[in-house]
Amino acid sequence: MFALVDAVAFYASAEKVFDPSIRNKPVVVLTNNDGCICAVCPIARELNIPKFEPYFKLKNYLAKHNVIVRSSNYELYADLSDRMMNVIGRYCSNQHVYSIDESFLQFNSQAPDWFKLGQEIRLAVWREVKLPVGVGFGITPTLAKAANHAAKKLYGYNGVAVISDSKQALPILKQMKLADVWGIGSRLSKRLELIGLNNAYDLAQQDPSKMRKFHSIVLEKTVRELNGEVCLSWDEVKQDKKEIFSTRSFGTRITDKSSLHAALNTHADIIGRKLRKQGSLVKKLTIFAHNSPHDAQFIKRSFLYEFIVPTSDTSVIANAVSSVLDKLFVANVPFYKCGLGAIELHSGNFTQFSLFDKSQDKPEVMRIYDQINSKYGTGTTFIASSNMTEKWSMRRAFLSPQYTTRWAHLPEINC
DNA sequence: TCTGGGGTCCTAGGACCC
DNA sequence: TCTGGGGTCCTAGGACCC
């Protein structure tokens with residue numbers, strides 16, 4: 001049995017944890033640079049606020065309905081995520097944290113009562129972290145996702161749904177839109193509608209091999225999973241990433257080389273950390289910078305850097321950045337975004353050493369570097385040529401305090 | 001006044017080589 | 001008269017997710 005546990009509108013709910021005054025109000029959270037709306041709490045959802053629309057287009061509408069608007073407070077969300085995952089992890093030894101607010105659980109034994117277990121998890125997370133979560137149990141990962149959808153969005157489930165056989169799946173799948181099925185987006189759902197399918201149940205009734213011909217093997221697997229056949233093994237669900245990116249748009253456009261260098265080095269730091277966490281090494285790294293695609297003329301420079309010996313060392317990656325900086329920088333271009341992408345990864349366990357070239361990595365330094373940052377907070381140590389506090393760091397006009405990670409922001413209780 | 005996220009995976013098609 | 005291979009690597013862009 002699989003379970004998927006995730007928070008209801010995680011970012012918006014996280015904003016309500018330490019600010020009870022907004023718990024009963026409509027709340028939305030914006031993406032980096034206050035660009036788009038990325039989280040809508042259930043109360044705000046009733047106002048039909050679309051996700052991932054640019055904020056400036058909805059600004060007036062939100063103000064008219066007294067919607068509370070917050071910038072993304074990643075420090076807060078990351079910390080609340082850790083706490084939430086810890087509580088959930090107590091209920092299953094086999095937990096896979098799938099995203100900042102989702103974790104899959106795999107149970108090998110039979111629980112006496114899945115529904116009761118789901119209620120316990122919900123209650124524990126609410127009691128200890130004050131975050132509302134939905135719990136979906138299913139005999140395949142895709143059905144666990146579907147049950148989770150039902151738990152949070154369908155009438156009568158109140159946060160927990162269980163699909164342990166096709167009889168339990170039926171009412172849920174019949175109420176699910178095609179695009180609500182895991183792996184089916186807006187494009188594919190439109191194509192499926194054209195051949196007469198209207199909901200998840202209709203999709204489950206299709207011949208899997210025909211669906212493979214119609215679209216892809218991925219769709220075939222989805223159909224099989226909806227019918228209770230496990231196609232996404234646990235190993236597949238928690239597979240290593242094949243690419244690792246770190247990119248960000250600037251709060252203010254930059255036109256000088258040193259700012260671009262600092263920004264790219266910040267991404268070098270993040271990429272290195274992600275690589276080491278996964279135990280991977282990067283062989284090929286794409287390094288890019290561009291202005292806005294909405295500008296009159298889109299100007300993009302990118303460079304593919306190949307390491308002779310694959311690396312996960314932040315300083316080695318930073319050196320690669322320095323070596324191509326002159327090729328990326330174009331005078332008088334107001335750069336809007338830049339980033340790095342590790343697009344060819346090698347396993348850290350089976351390094352192909354070169355006969356003539358020695359690795360520049362200093363694993364011991366990186367180990368201590370990571371230890372310090374994990375103990376005292378990310379950013380305690382950093383490479384000198386990166387600086388995220390500069391003028392181009394992101395706009396966050398509606399930022400809430402970092403209640404749990406900064407002494408100065410500690411919540412106060414009035415007695 | 002101006003404003004438009006970030007991450008991952010996959011594939012079509014162009015460039016280049018022999 | 002008209003036609004013309006196959007492999008590798010990279011880039012751009014689409015699709016999906018949150």
Side-chain angles (χ1 to χ4, degrees), chain A residues 4 6-14 28-40 50-60 69 71-72 74 77-78 81 97-104 134 141-142 145 148-149 152 178-192 215-219 221-222 232 236-253 266-267 270-271 274 278 280 283-288 290-295 298 300-306 334 336-345 394-398:
Chain A
L4 179 70
D6 74 350
V8 177
F10 178 55
Y11 292 177
S13 296
V28 301
V29 178
L30 309 179
T31 57
N32 284 330
N33 289 321
D34 298 337
C36 295
I37 293 168
C38 70
V40 180
K51 267 212 236 177
F52 303 109
E53 278 287 307
Y55 167 60
F56 73 91
K57 288 188 179 171
L58 287 149
K59 205 169 171 178
N60 293 336
V69 178
S71 303
S72 282
Y74 289 113
Y77 309 153
S81 170
V97 176
Y98 185 71
S99 73
I100 192 163
D101 79 317
E102 293 174 286
S103 71
F104 274 104
T142 305
K145 269 269 191 184
N148 178 278
H149 171 83
K152 296 193 302 184
L178 287 164
D180 291 332
V181 177
W182 193 27
I184 297 186
S186 59
R187 286 303 181 95
L188 187 51
S189 66
K190 276 186 193 118
R191 278 186 61 212
L192 291 167
H215 185 65
S216 69
I217 188 167
V218 183
L219 185 58
K221 284 184 178 177
T222 300
L232 302 167
E236 269 174 279
V237 170
K238 51 188 260 186
Q239 234 169 24
D240 278 353
K241 289 182 178 66
K242 295 174 179 168
E243 292 179 346
I244 293 176
F245 274 74
S246 175
T247 71
R248 198 119 310 161
S249 44
F250 302 117
T252 311
R253 304 277 191 123
T266 305
H267 296 301
I270 293 168
I271 290 268
K274 287 183 177 180
Q278 175 168 298
S280 295
K283 174 73 174 161
K284 287 181 186 168
L285 180 74
T286 176
I287 306 170
F288 73 89
H290 59 74
N291 63 357
S292 167
H294 301 289
D295 286 354
F298 184 49
K300 179 177 177 179
R301 289 283 182 279
S302 76
F303 194 87
L304 190 72
Y305 188 96
E306 183 163 355
Y336 173 77
K337 184 173 183 171
C338 73
L340 302 183
I343 59 167
E344 187 184 318
L345 301 182
M394 56 188 154
R395 277 193 303 278
R396 293 199 286 185
F398 319 103

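The sequence lines fix the lettering, A, B, ..., with proteins before strands; numbering per chain opens at 1. Just so it is clear, the model here is predicted, and its values are computed rather than measured.
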Qualifying residues under side-chain hydrogen bond (donor to acceptor under 3.5 Å, both in side chains), relative to A:S246, sequence neighbours excluded: A:H267
Contact class for A:E53 (heavy atom, under 4.0 Å): base, sugar-phosphate, or nothing? nothing
What's A:I184 touching, base or sugar-phosphate or nothing? Going by heavy atoms closer than 4.0 Å. sugar-phosphate
Applying ring-ring contact (aromatic ring centres under 6.0 Å, His included), can you list everything that pairs with A:Y305, at least two apart in sequence or on another chain? A:F307
Within the 4.0 Å heavy-atom criterion, would you say A:F52 contacts the bases, only the backbone, or no part of the nucleic acid? base
Does A:T247 or A:P54 map to a spot on DNA chain B nearer the 5' end, using the closest nucleotide for each? A:P54
side-chain contact (heavy atoms from CB on, under 4.5 Å) partners of A:A12, counting only residues at least two apart: A:A9, A:V27, A:V29, A:A39, A:C41
Considering every strand and a 4.0 Å limit on heavy-atom distances, what is the contact class for A:G183: base, sugar-phosphate, or nothing? sugar-phosphate
What residues form a side-chain contact (heavy atoms from CB on, under 4.5 Å) with A:N33, not counting sequence neighbours? A:S249, A:M394, A:R395
By side-chain contact (heavy atoms from CB on, under 4.5 Å), which residues pair with A:K284, not counting sequence neighbours? A:L304, A:E306, A:I343, A:E344
Would you indicate what A:S186 reaches in the nucleic acid, counting non-hydrogen atoms under 4.0 angstrom: base, sugar-phosphate, or nothing? sugar-phosphate
Outermost DNA chain B nucleotides near chain A [under 4.0 Å, heavy atoms]: B:dT3 to B:dC10
Would you mind telling me which residue lines up with the more 5' stretch of DNA chain B, A:Q239 or A:C36, judged by nearest nucleotide? A:C36
Quick one: bend of the helix from B:dG5-C:dC18 to B:dC18-C:dG5 from 5 pairs per end, to 10°? 20°
Taking any heavy-atom pair under 4.0 Å as a contact, classify A:L188: base, sugar-phosphate, or nothing. sugar-phosphate
By ring-ring contact (aromatic ring centres under 6.0 Å, His included), which residues pair with A:F56, not counting sequence neighbours? none
Between A:S302 and A:F288, what is the shortest heavy-atom contact and its length? CB-CB, 3.7 Å
Which residues share a side-chain contact (heavy atoms from CB on, under 4.5 Å) with A:R191, sequence neighbours left out: A:L188, A:F214, A:H215
